[in-house]
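Step one of this worksheet: look at the structure below.
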Amino acid sequence: MVLTPFLKAAFTEAYVKKDYDWIKRIMKKLNRLWILASAGVVVMALLNEVFFDIWVGDKLYCTHELIYSHWSYGCAKYSFTKYSLFLNGIGKTRLQSVLLTFQAIVFVILSILFFNQGFGLFLQSSPK
């Protein structure tokens, strides 16, 4: 969120100056950051009980399905966001709108599928 205005402006400036090498380097760095962040999220998902116990104690119960669905959503969202920043920065708003519509449709379909498979929040007591 903090980097969004800077990256958008930086992409705009690089695109206007036709500095495509800089854009490629930044996109590679963002892809590496995505891999690193995804790995961190996987570790957090695998160790969620430890982190939740430290953070909120026994006041919260999350199913593994909920943890993993949030993990997949977060990884996909960041993957789309880095390209949205680029498209917004170079003024390709129509293409960005098409991709965002496609992304919304995919997320709604996946949400319905995940819910039907038992993923999500349900009003129930903790099994602990």
Side-chain angles (χ1 to χ4, degrees):
M1 202 165 67
V2 172
L3 293 177
T4 301
F6 299 110
L7 284 176
K8 188 173 93 171
F11 279 132
T12 302
E13 183 178 341
Y15 186 74
V16 168
K17 291 181 178 179
K18 299 183 188 300
D19 190 359
Y20 303 120
D21 289 332
W22 181 87
I23 294 172
K24 287 178 186 176
R25 280 194 319 272
I26 291 298
M27 291 306 281
K28 283 182 183 178
K29 287 180 182 181
L30 289 174
N31 285 330
R32 287 187 198 124
L33 182 61
W34 175 77
I35 290 169
L36 183 64
S38 295
V41 170
V42 169
V43 170
M44 290 287 289
L46 293 173
L47 300 174
N48 70 71
E49 291 179 16
V50 173
F51 287 108
F52 284 157
D53 283 343
I54 293 170
W55 187 20
V56 293
D58 61 354
K59 295 180 175 116
L60 176 71
Y61 171 71
C62 287
T63 64
H64 291 287
E65 292 85 3
L66 181 62
I67 299 294
Y68 298 135
S69 64
H70 274 81
W71 163 73
S72 61
Y73 171 78
C75 291
K77 180 70 174 165
Y78 180 73
S79 182
F80 287 125
T81 300
K82 62 187 175 204
Y83 296 109
S84 294
L85 286 172
F86 171 69
L87 291 174
N88 196 11
I90 65 171
K92 300 290 184 183
T93 55
R94 183 173 296 231
L95 178 58
Q96 184 181 5
S97 296
V98 169
L99 291 175
L100 188 59
T101 302
F102 173 74
Q103 178 184 350
I105 291 168
V106 168
F107 282 152
V108 167
I109 291 169
L110 288 176
S111 295
I112 293 168
L113 290 173
F114 282 151
F115 182 79
N116 288 336
Q117 293 298 317
F119 288 60
L121 291 174
F122 302 99
L123 297 175
Q124 63 184 8
S125 60
S126 171
K128 290 184 178 180

* Asked: Taking a hydrophobic cluster as the set of Ile, Leu, Val, Met, Phe, Trp and Tyr residues connected by side-chain heavy atoms closer than 4.5 Å, whether directly or through intermediates, do Val98 and Val108 fall within one such cluster?
  -> no
* Asked: Can you tell me if Asn48 uses its side chain to pair, donor with acceptor, with the backbone of Ala45 under 3.5 Å?
  -> yes
* Asked: What is the minimum heavy-atom distance between Ala10 and Trp22, and which atoms define it?
  -> CB-CH2, 3.4 Å
* To do: Using a 4.5 Å cut-off on heavy atoms from C-beta on, say whether the side chain of Leu85 contacts that of Phe11.
  => yes
* Closest non-hydrogen atom pair, Lys77 against Phe107 -> N-CZ, 4.4 Å
* Looking only at non-hydrogen atoms, find the nearest pair between Ser38 and Trp71 and report the distance. => O-NE1, 3.8 Å
* Asked: Under a single-linkage definition using a 4.5 Å side-chain heavy-atom cutoff for Ile, Leu, Val, Met, Phe, Trp and Tyr, are Tyr73 and Val41 assigned to the same hydrophobic cluster?
  -> no
* **Same apolar cluster: Leu113 and Ile105, side chain cutoff 4.5 Å** => yes
* How close do Trp34 and Cys75 get, heavy atom to heavy atom, and via which atoms? -> NE1-O, 2.8 Å
* To do: Working to the nearest 0.5 Å, report the span between OG1 of Thr81 and CZ of Phe86.
  => 15.0 Å
* To do: Of all the heavy-atom pairs spanning Lys82 and Asn31, show the shortest one and how long it is.
  => NZ-OD1, 2.6 Å
* Using the rule that two of Ile, Leu, Val, Met, Phe, Trp, Tyr join whenever any of their side-chain heavy atoms come within less than 4.5 Å, decide whether Ile90 and Leu95 are in one cluster. => yes
* Structure fact -> Minimal heavy-atom distance between Tyr15 and Tyr20, with the atoms involved, is CD1-CE2, 4.0 Å
* Asked: Would the number of heavy atoms belonging to other residues, nucleotides or ligands and lying under 6.0 Å from CE of Met44 be above 12?
  -> no
* Asked: In this structure, are over 12 heavy atoms from other groups packed under 6.0 Å from Phe102 atom CZ?
  -> no
* Structure fact -> Interatomic distance, CG@Leu33 vs CD1@Ile26, rounded to 0.5 Å, equals 11.0 Å
* Structure fact -> Here the gap from Lys17 atom NZ to Thr12 atom OG1, rounded to the nearest 0.5 Å, amounts to 12.0 Å
* **Between CD1 on residue Ile23 and CE on residue Met27, distance to nearest 0.5 Å** => 9.0 Å
